[in-house]
Peer 1: 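Below is a structure I'd like to ask you about.
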Number of protein chains: 2
Amino acid sequence: MLSDVMEDYLKAIYVIEEESGPPVATSSIAERVEKTAPTVTSMLDTLAERGLVTREKYEGAELTAEGRTVAIEVLRHHRLLETYLAERLDYSWDEVHEEADALEHHISEAFERRVADVLGEPAADPHGDPIPSPDLEPPGGEATVPLSACEAGDRVVVARVSDRDDADLAYLDDAGVTPGTTVAVVDVAPFGMVTVAVDDGEQSLPESVAESIHVTVADTPEPDSAETGAGA
Amino acid sequence: MLSDVMEDYLKAIYVIEEESGPPVATSSIAERVEKTAPTVTSMLDTLAERGLVTREKYEGAELTAEGRTVAIEVLRHHRLLETYLAERLDYSWDEVHEEADALEHHISEAFERRVADVLGEPAADPHGDPIPSPDLEPPGGEATVPLSACEAGDRVVVARVSDRDDADLAYLDDAGVTPGTTVAVVDVAPFGMVTVAVDDGEQSLPESVAESIHVTVADTPEPDSAETGAGA
DNA sequence: GGACGGGATTAGACGCATCTAATTCATAAG
DNA sequence: CTTATGAATTAGATGCGTCTAATCCCGTCC
């Protein structure tokens, strides 16, 4: 039996692999799971013994197929729970994460299946993150870019928003920046501050927030008049 | 923060107090939580240090007011979950227990409240056990007796059925012996085997099962002619 | 190429929940 | 009153996940 703790590490490694690819550094796992580096090192040893990760000393870790499957199952639990809480228990978009984190390790296969059934096997959770299918294959990621990488003039559709910071989430919800909405990038200032136009006005977002918003570009500005180059 | 494990002990002590009153013996806790006696002893020490139980060596343990409140909260979680699973997630009566046991320690106050809300603050779970109210006062137990203590001729209403053995539960469900149904006691044989009449025939239940079914007596046989029965 | 700096690992310890084996206690039987 | 019996406790060890402090390795900078 895998402990909750091990599942948390595997999940962390998975999402880091998703965003930066393997190998995954000890320190980035440590940051994500909020443990010290030596703790992570020893857990990686345990995980490696169990065949859930491979690793080389001083390099980094990488999930095995088995470890990846476990991680994806946890992620499926997490995202199904978030969706269920939002749809059936009146949770708001920004509240679901914590509860799902607490429950994801403790639901049975039966629970997972029934929740998926009553929801109709949804494809994405309230933050826009894809919900892995029951076969636990890695969900196909459609190409998205962080909002922080966009340029002034782009019109973009919000694909997903990191679920890691409740305060940011509440703010974005309030601002009308939710998965599926279209926003126009008004300005990208020095240090990454991004200003976007939404239905009810303009919002300026610090870089840290803009990084956590992933979008698909609907429309790029035409590179035509005076402002073509490394402008502004 | 109280660990899940501590909550389990407190819950166990509470239900044992319910059925036999304090003080609660180390060995009966050990049996219920499926741990060895020394393990229970040391946990009782911990619990006593935290002010959740009082105890005297070689005597037994008793919940403090605080310990009782914790136990009742866990029980509220458990029974709300059982009810929710049965009503909203298509679980059968005999499946809910295990899932509720796994989840009861991990749901938030918010979750508890919302589940109670969508269910309309139910009074009893699918096994007939009373669901503690949000104030966490001990739920008022209406007087019931175990089916094993009934006599031939009694007509009784099933009040609640222990949720501890899935196989028994499935059998009883199939037999039509569920909370709220009325059954007639046909015979009480030596060693406690009880035969009851239900809608679809007669069922013979071993004593262990008959002990776990609590009933209210609707009608006692008049100690008079051979067949006083008020006309079946 | 040698020293430095920062991330990673090893060393060693701790707290918790658990176990088995040995001991102690309460009490029922003689 | 003494002893036997069974329950409860103490003693001592284990596994796990965690920490801090010390050491080690690798890539960079002079």
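A quick note: this is a predicted structure, and the numbers were derived from the prediction, not measured. Below, chains carry the letters A, B, ... as their sequence lines are ordered, and counting in each starts from 1.
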Peer 1: So which protein N/O to nucleotides 18-28 of chain D N/O distances come out below 3.5 Å?
Peer 2:
residue : atom : partner  : partner atom : Å
dT18(D) : OP1  : Lys35(A) : NZ           : 2.9
dT18(D) : OP2  : Tyr9(A)  : OH           : 3.1
dC19(D) : OP2  : Thr36(A) : N            : 3.1
dC19(D) : OP2  : Thr36(A) : OG1          : 3.0
dC19(D) : OP2  : Thr39(A) : OG1          : 2.4

Peer 1: Just distance, no hydrogens or angles: give the donor-acceptor pairs under 3.5 Å from side chains in residues 19-31 of chain A, sequence neighbours left out.
Peer 2:
residue  : atom : partner  : partner atom : Å
Ser20(A) : OG   : Ile16(A) : O            : 3.4
Ser28(A) : OG   : Ala25(A) : O            : 2.8

Peer 1: Could you list by number each residue of residues 13-29 of chain B showing a heavy-atom separation from DNA chain C of less than 4.0 Å, or answer none if no residue does?
Peer 2: none
Peer 1: Fit a plane to each ring of Tyr91(B) and Phe111(A), take the angle between them on a 0 to 90° scale, and name the class: parallel (under 30°), tilted (30 to 60°) or perpendicular (over 60°).
Peer 2: tilted
Peer 1: Specify the separation, in whole Å, of atom CD of Glu56(B) and atom C1' of dA7(D).
Peer 2: 17 Å
Peer 1: Using the side chain to side chain contact (heavy atoms under 4.5 Å, CB included) criterion, which residues pair with Asp101(A)? Sequence neighbours excluded.
Peer 2: Lys11(A), His78(A), His97(A), Glu104(A)
Peer 1: Measure CG/Asp45(B) against P/dA11(D) and give the value in whole Å, please.
Peer 2: 12 Å
Peer 1: Give a yes-or-no answer on whether the side chains of Thr144(B) and Arg160(B) include a donor-acceptor pair shorter than 3.5 Å.
Peer 2: yes
Peer 1: Can you sort out the partners of Ala124(A) under side chain to side chain contact (heavy atoms under 4.5 Å, CB included), two or more places apart, ordered by chain and number?
Peer 2: none
Peer 1: Between Glu7(A) and Arg76(A), does any side-chain N to carboxylate O distance fall below 4.0 Å?
Peer 2: no
Peer 1: Could you check Glu95(B) against Arg114(A) for salt bridge (Lys or Arg N to Asp or Glu O under 4.0 Å), going step by step and ending with a plain yes or no?
Peer 2: CA-CA 13 Å; Glu95(B) 282 177 313; Arg114(A) 290 177 205 214; 3.1 Å; yes
Peer 1: Stepwise, does the side chain to side chain contact (heavy atoms under 4.5 Å, CB included) test hold for Ile13(A) with Leu44(A)?
Peer 2: CA-CA 10 Å; Ile13(A) 296 167; Leu44(A) 287 177; 3.9 Å; yes
Peer 1: In a check of side-chain contact (heavy atoms from CB on, under 4.5 Å) between Met43(B) and each of Thr41(B), Thr39(B), Thr46(B), which one passes?
Peer 2: Thr46(B)
Peer 1: Using a heavy-atom cut-off of 4.0 Å to chain A, what are the terminal contacting nucleotides of DNA chain C, in 5' to 3' order?
Peer 2: dG7(C) to dT10(C)
Peer 1: Step by step, would you call Arg55(B) with Asp45(B) a side chain to side chain contact (heavy atoms under 4.5 Å, CB included)?
Peer 2: CA-CA 8 Å; Arg55(B) 87 201 220 72; Asp45(B) 284 346; 3.2 Å; yes
Peer 1: In whole angstroms, how far is the C1' atom of dG17(D) from the CD atom of Glu49(A)?
Peer 2: 14 Å
